[in-house]
Engineer: 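The following block contains the structure, expressed as structure tokens.
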Amino acid sequence: MTLDPSVIRKDFPIFDRTIRDGKKLVYLDSGATSQKPNSVIDAESDFYRNHNAAAHRGAHQLAEEATGAIESAREVVANFLGGETDEIVFTKSSTEALNLLAYSIGNAPMGNLFHLKPGDEIVVSEMEHHANLIPWQQLAKRTGTVMKWFEVNETGRLDLSNIEGVITERTKIVALTHQSNVLGTIIPLSEIAKRTHAVGAIFILDACQSVPHMPVNVKALDVDFLVFSGHKTVGPTGIGVLWGRANLLNHLPPFLFGGSMIETVTMTDATWAPAPRKFEAGVPNMAQIVGLEAALNYLSDIGMENIHQHEIALTKYTLDKLQEIDQLRIVGPTDTNSRGSAISFTLGQIHPHDLGQFLDSAGIAVRTGHHCAWPLTRKMGVPATTRASLYLYNDESDIDALVAATLGAQKYFA
Amino acid sequence: MTLDPSVIRKDFPIFDRTIRDGKKLVYLDSGATSQKPNSVIDAESDFYRNHNAAAHRGAHQLAEEATGAIESAREVVANFLGGETDEIVFTKSSTEALNLLAYSIGNAPMGNLFHLKPGDEIVVSEMEHHANLIPWQQLAKRTGTVMKWFEVNETGRLDLSNIEGVITERTKIVALTHQSNVLGTIIPLSEIAKRTHAVGAIFILDACQSVPHMPVNVKALDVDFLVFSGHKTVGPTGIGVLWGRANLLNHLPPFLFGGSMIETVTMTDATWAPAPRKFEAGVPNMAQIVGLEAALNYLSDIGMENIHQHEIALTKYTLDKLQEIDQLRIVGPTDTNSRGSAISFTLGQIHPHDLGQFLDSAGIAVRTGHHCAWPLTRKMGVPATTRASLYLYNDESDIDALVAATLGAQKYFA
Amino acid sequence: MELDNLYQEVILDHYKRPQNKKLATTFDAQVHHVNPSCGDEIDLNLVIKNEIVTSITWDGVGCSISQASVSILTDLLVGKSITEAYAIYDNFVALMQSKGAIKGDESVLEDAIALAGVSKYPARIKCALLGWMAFKDASVQAQAKSELG
Amino acid sequence: MELDNLYQEVILDHYKRPQNKKLATTFDAQVHHVNPSCGDEIDLNLVIKNEIVTSITWDGVGCSISQASVSILTDLLVGKSITEAYAIYDNFVALMQSKGAIKGDESVLEDAIALAGVSKYPARIKCALLGWMAFKDASVQAQAKSELG
Ligand SMILES: Cc1ncc(COP(=O)(O)O)c(C=O)c1O
Ligand SMILES: Cc1ncc(COP(=O)(O)O)c(C=O)c1O
């Protein structure tokens, strides 16, 4: 089955509006955040209109319904990822999920399997988003552990030539992005996960840029923790997911403390509910959880493999067309092997900010800058890039518009 | 001006539905979470339909609009509280806001004004919600500081007789709830804040149960930090607010690390943006921020003083009516002096869970249990209570229904 | 009244006249369980002799459902072999989690069948299970001990 | 074209032929400023003699708006007294934050008036202000130093 973006766009009300005095919206910024179909928007509204109450905190009918709604969403998320229901923790974002891991690990006392001691090592890569870099830097500072990383080569691939020197017997955590939000690179996960587990370390996958775009199964990938964000997955803002192996979640100390995550509480001490509850303090972001369920159902109905194939084809089209432009340099892989649909480039001496502004004036939304991966842009030898990132509602006409406007910008700033 | 709940209820679509086969919804659980008016639900939907993009992360028109939307919301929140725009930090909940404070304070290195050393003291009270108790317990364990607390007397008031022994020269933090979510008690804030500042400590106010119900002005209250939750304030789920004095936010280290909260980043280190940005890592919960703005505008249009007066009158009516019931014991103050509209009670030997279930069968939603304040229920000598909590959409007919059904339960379980 | 499905006569009877609600002073295992969402608590003492449950005694505070459920449990399981007791336990847990889809086997569950209505009230299932979870926990501890001894 | 309001000739000229873009080796204050959202960076060296700005030199990478803005600033402020420079600074910042509501005073701002269009593009205001913030910072440092000396 192939997918028809012109039909899909009808589900997304934002495409009914225009940009800068009547121009058609060409949205090529889904890597930053995706647009939302009506079914997601309506699911949130419907929750507020008909079932709103504090989940897990009341014996009345509305509270039962609210509880049922978020627990059924947990099942949908678990099935989507191929995990178990109790392995799904709702957070506000991937950023929170990654910080949860870093803080919870930092909270692990001596004797706990997550406990870090000075000299232990944490491994990341040069292509991490700040959200999967700074929490580990800070954890390293707090615990006296050492940060190590895989380098990125000039074609935008991880350099694994020294994998045994990077992941060693001292390594306790390997935290990597599945797909770079700047380069589009998909990492050779199985090789790295194998090495990680061979040394007894824990593998954490930042799947922000993969879960929305291709089938992801936590069992098949052999990772230990995975995070993704609802808002990049046609879901609401304010909702993220942490998946973790049940036995690891059981050992991991909690992060946020408060209501609904406890077993008993006295004035000076407290004990914890079992996972996932121990990681979900406070009245949950219920409407957003329900919206995320609608989002994953929407994607599943279309089929993640269909979405993936569509994006591969459109990425190939984009790479080909862009490379015909004089002075345009793709920053990242130029073919579609192990590559997603985030496409960064530079255009001669034209600063990305200026190019982005010009594209905007033509109705085209792209992102410019370091894309929250500043060490990577520096490593690639550019101050910033322009990034077009694709999704299920994009088609060749969007790319043709991008190409035409890019050529226009070259004239304008000549 | 007085307020007409029957008119207000028309703004809240949930009152169009019925409970347990056709019964009118009598919602007396706003202390757990409030219902939402159409204007809030529509504001969230409208954001997704028309302005959705990653705020602060793009030069295109949608990103500009999304940025404008959340920054205008920040202004509305600041005005609502009487603070400055840059003093408003958006979180996912009060629980997150209180944990943010506890972790950020824990992150403060020696020399930082928030730095804690063993022997320093943190003061709470016996009437704290778990969200304003356990984060401090855990911080105390991590830093070697000592937890102290104000006791609660049998009338449900804070015992300040030994205030100088509780808040001492060693006290660094005083964190108290403005209004108890169980007893309804409003604390004598100015006396405690004065003592707190006299010893050079910082005053943190958990305003979850006050901001939704009465005018709250951070300058007039003379507190240093304040938190509240959107979902209890007719706003969306998944949004909370931390207000802090500008100069304190400047010194406070960040909590969550990731995108948009940085100044510069290298592979091993990072520096921070100024507040409030340094506390808002990741793509924000934008639709929820916009929904909160609509919620505060809705409340301001009605007038917080009007809401407060309405609740005082209805609380008096409720206390009077309930006390006419045989064997019913109010757990908390029995008059409306310094008292909000959360009303807990026990009913002879009938367990609150059973009473709650009976009330539910009559369409009445209350909360039963320890209300996430377990040390307090223990102190009050009860295993659990039934709580009716009121808001602007409740009126005397709701209370009459509660009273009638409570009498019915007495017969049923006799 | 819909509510009568939940609060069957048998339940209210056990609630008002709980069976075996007095902790025996000798036991093979003693456990304390709580329901964190409402604060209900139970202590349960268990004796197992030659693979037979010979005594279950308890004390606790809680709602009619949790109190009646443990009271019924003591009546039902004392005298049963540990294998039979586990079979009844599995049967009861399945009934509770059925969302009203199954009726339960009265020949196995006897009085405990009266709790069938609970399965339609998700927030109450934990109440009904509190004593059963405590029994399961205690029996595991008691057996571990007897294997050591 | 709407965009021409943003990218005035003067701006593109300064972008292509930036003024004073070569750091002087002597200075009273040297600052480094960045725009964290896009990664633009600027180094700026400042000399103040007898309350007169006598030299502003800079280096940096950035978009046309940020580069032109600092280039224009150097032309405009060198030779002015520090009081005059601050008045111009205040005027410029107010213009940037005006959301297009004010036109700006050309007699004060001279070439910098060309940046008026930026105020309608909120994401670009920081670009236009980058050099000005650096100047303000440097001037405060330079004055603090001269008071000490
Ligand atoms: C007094 C008080 N503090 C804190 C909280 C926690 O708020 P939230 O669950 O929205 O984080 C609540 C409500 O649950 C409360 O009533
Ligand atoms: C690879 C990657 N990791 C982490 C994040 C952070 O996600 P969020 O901002 O939703 O927390 C993003 C997106 O911003 C991302 O692209």
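Atom set for the values below is all heavy atoms of this structure, side chains included, hydrogens, waters and symmetry mates excluded. The chains referred to below are lettered A, B, ... by the order of the sequence lines, with proteins before strands, and numbering in each begins at 1.
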Engineer: Count the heavy-atom pairs under 4.5 Å between each of A:L62, A:D29, A:T368 and chain B, then report the option with the highest count.
Structural biologist: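 Ranked by heavy-atom pairs under 4.5 Å with chain B, first place is A:L62.
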Engineer: Mark yes or no for whether B:Q137, through its side chain, and A:M267, through its backbone, hold a donor-acceptor pair below 3.5 Å.
Structural biologist: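 Flag set: sc B:Q137 to bb A:M267 pair under 3.5 Å.
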Engineer: Side chain from CB out, backbone as N, CA, C, O: work out which of these in B:Y103 comes under 4.5 Å of a heavy atom of chain A, or both, or neither.
Structural biologist: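 Side chain of B:Y103 only, per the 4.5 Å heavy-atom cut-off to chain A.
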Engineer: Are any side-chain N or O atoms of B:S229 and backbone N or O atoms of B:G240, one a donor and one an acceptor, separated by less than 3.5 Å?
Structural biologist: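 Checked: no pair found.
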Engineer: Hey, does the side chain of B:R17 reach the backbone of A:N50 with a donor-acceptor pair shorter than 3.5 angstrom?
Structural biologist: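 Present.
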Engineer: Rounded at 0.5 Å granularity, tell me how far SG in B:C208 sits from CZ in B:F228.
Structural biologist: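 It is 9.5 Å, given to the nearest 0.5 Å.
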Engineer: What part of B:T377 is in contact with chain A, defined as an atom under 4.5 angstrom from a non-hydrogen atom: side chain, backbone, both or neither?
Structural biologist: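 When you check distances to chain A, no heavy atom of B:T377 falls under 4.5 Å.
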Engineer: Between A:L25, A:N132, A:N285, A:D269, which residue shows the highest count of heavy-atom pairs closer than 4.5 Å to chain B?
Structural biologist: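 Ranked by contacts with chain B, first place is A:D269.
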Engineer: Using heavy-atom distances under 4.5 Å, tell me whether B:L133 contacts chain A through its side chain, its backbone, both, or neither.
Structural biologist: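 Only the side chain of B:L133 comes within 4.5 Å of chain A.
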Engineer: With a 4.5 Å cut-off on heavy-atom pairs, point out which of B:G282, B:A32, B:A365 contacts chain A the most.
Structural biologist: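 Option with the greatest count: B:A365.
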Engineer: What part of A:V40 lies closer than 4.5 angstrom to a heavy atom of chain B: side chain, backbone, both or neither?
Structural biologist: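 No part of it gets close to chain B.
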Engineer: Could you tell me the separation between the CD atom of B:E280 and the OG1 atom of B:T91, rounded to the nearest 0.5 Å?
Structural biologist: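 That separation rounds to 9.0 Å.
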Engineer: I'd like to verify something: which residue of B:A102, B:G238, B:S93, B:A140 has the highest number of heavy-atom pairs under 4.5 Å with chain A?
Structural biologist: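 Most heavy-atom pairs within the cutoff with chain A belong to B:G238.
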Engineer: Please look at B:L256 and chain A and tell me whether the side chain, the backbone, both or neither of the residue comes under 4.5 angstrom of a heavy atom of that chain.
Structural biologist: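 Both the backbone and the side chain of B:L256 come within 4.5 Å of chain A.
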Engineer: Let me know if A:Y27 has heavy atoms under 4.5 Å from chain B in its side chain, its backbone, both or neither.
Structural biologist: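 Just its side chain gets close to chain B.
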Engineer: Heavy-atom pairs under 4.5 Å with chain B are the metric here; pick the option from A:H129, A:M147, A:Q288 that has the most.
Structural biologist: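 Highest number of heavy-atom pairs under 4.5 Å: A:Q288.
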Engineer: Among B:K379, B:H370, B:E65, B:R367, which has the most heavy-atom pairs under 4.5 Å with chain A?
Structural biologist: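 With the most close heavy-atom pairs to chain A, the winner is B:R367.
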Engineer: Has A:R387 got a side-chain atom pairing as donor or acceptor with A:N181's backbone, closer than 3.5 angstrom?
Structural biologist: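 Yes.
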Engineer: Is A:Q35 in contact with chain B via its backbone, its side chain, both, or neither, using a 4.5 Å heavy-atom distance?
Structural biologist: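 Contact with chain B involves both backbone and side-chain atoms of A:Q35.
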Engineer: So which residue, A:F255, A:F47, A:F15, ends up with the most heavy-atom pairs under 4.5 Å with chain B?
Structural biologist: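 It is A:F255.
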Engineer: Are the side chain of B:H130 and the backbone N or O of B:W374 linked by a donor-acceptor pair below 3.5 Å?
Structural biologist: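 Yes, the answer is positive, given that a donor and an acceptor are paired below the 3.5 Å cut-off.
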Engineer: When rounded to the nearest 0.5 angstrom, what distance separates CD in B:E151 from CG in B:L376?
Structural biologist: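 With rounding to 0.5 Å, CD (B:E151) is 12.0 Å from CG (B:L376).
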Engineer: Please state whether the side chain, the backbone, both or neither of B:T264 comes within less than 4.5 Å of a heavy atom of chain A.
Structural biologist: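 For B:T264, heavy atoms of backbone and side chain both lie under 4.5 Å from chain A.
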Engineer: A:L359 versus chain B, heavy atoms under 4.5 Å apart: side chain, backbone, both or neither?
Structural biologist: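 It is neither, since no heavy atom gets under 4.5 Å.
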Engineer: Name the region of B:K141, side chain, backbone, both or neither, that has any atom closer than 4.5 Å to a heavy atom of chain A.
Structural biologist: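 For B:K141, the side chain is the part near chain A, not the backbone.
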Engineer: Could you check which of B:G369, B:S94, B:A54 has the highest count of heavy-atom pairs closer than 4.5 Å to chain A?
Structural biologist: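 Counting heavy-atom pairs under 4.5 Å, the top option is B:A54.
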Engineer: Please check: side-chain N/O of B:K232 versus main-chain N/O of B:G31, any donor-acceptor pairing under 3.5 Å?
Structural biologist: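 Answer holds: yes.
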Engineer: Starting at NE2 of B:H231, measure out to OG of B:S34 and round the result to the nearest 0.5 Å.
Structural biologist: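 It is 8.0 Å, given to the nearest 0.5 Å.
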Engineer: Below 4.5 Å from any heavy atom of chain A, which atoms of B:I239 appear? Answer side chain, backbone, both or neither.
Structural biologist: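 Looking at B:I239, nothing touches chain A.
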Engineer: With a 4.5 angstrom heavy-atom cut-off, is it the side chain or the backbone of A:N52 that approaches chain B, or both, or neither?
Structural biologist: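 When you check distances to chain B, atoms from both the backbone and side chain of A:N52 fall under 4.5 Å.
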Engineer: Considering only heavy atoms, which portion of A:T386 lies under 4.5 Å from any heavy atom of chain B: side chain, backbone, both, or neither?
Structural biologist: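 Neither part, no heavy atoms under 4.5 Å.
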Engineer: Any donor-acceptor pair under 3.5 Å linking the side chain of A:N99 with the backbone of A:T95?
Structural biologist: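 Looks like yes, one N/O pair under 3.5 Å.
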Engineer: Heavy-atom pairs under 4.5 Å with chain A: which of B:E96, B:E64, B:Q357, B:R142 has the most?
Structural biologist: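 Greatest number of close heavy-atom pairs with chain A: B:E96.
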Engineer: Any idea which of A:R57, A:E126, A:H51 has the most non-hydrogen atom pairs under 4.5 angstrom with chain B?
Structural biologist: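 The option with the most such pairs is A:R57.
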Engineer: Please flag which part of B:R20 lies under 4.5 Å from any non-hydrogen atom of chain A: side chain, backbone, both or neither.
Structural biologist: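 Both backbone and side chain of B:R20 come within 4.5 Å of chain A.
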Engineer: As an exercise, state the distance from CD of B:E128 to CH2 of B:W136, rounded to the nearest 0.5 Å.
Structural biologist: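 Taking CD in B:E128 and CH2 in B:W136, the distance rounds to 10.5 Å.
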Engineer: Side chain, backbone, both or neither: which part of B:D42 has a non-hydrogen atom closer than 4.5 Å to chain A?
Structural biologist: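 Answer is side chain: those atoms of B:D42 sit under 4.5 Å from chain A.
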Engineer: Short question: side chain of B:H351, backbone of B:H353 - any donor-acceptor pair under 3.5 Å?
Structural biologist: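 Flag set: sc B:H351 to bb B:H353 pair under 3.5 Å.
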Engineer: Just give me the residue among B:A66, B:G356, B:A270, B:S30 that pairs up with chain A most often, heavy atom to heavy atom, under 4.5 Å.
Structural biologist: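 Of B:A66, B:G356, B:A270, B:S30, B:A270 has the most heavy-atom pairs under 4.5 Å with chain A.
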Engineer: Would you confirm whether A:T33, through its side chain, and B:A53, through its main-chain N or O, come within 3.5 Å as a donor-acceptor pair?
Structural biologist: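 No: the side chain of A:T33 does not pair with the backbone of B:A53.
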Engineer: Output yes when a side-chain donor or acceptor of A:K36 lies under 3.5 Å from a complementary backbone atom of A:P236, and no otherwise.
Structural biologist: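 Side chain of A:K36 to backbone of A:P236: no pair is present.
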Engineer: Please look at B:Q61 and chain A and tell me whether the side chain, the backbone, both or neither of the residue comes under 4.5 angstrom of a heavy atom of that chain.
Structural biologist: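 Both backbone and side chain.
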Engineer: Checking A:P284 against chain B: side chain, backbone, both or neither under 4.5 Å from a heavy atom?
Structural biologist: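 Interface part for A:P284: backbone (N, CA, C, O).
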Engineer: Checking heavy atoms, do the side chain of A:N107, its backbone, both or neither come under 4.5 Å from chain B?
Structural biologist: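 Contact with chain B: side chain only.
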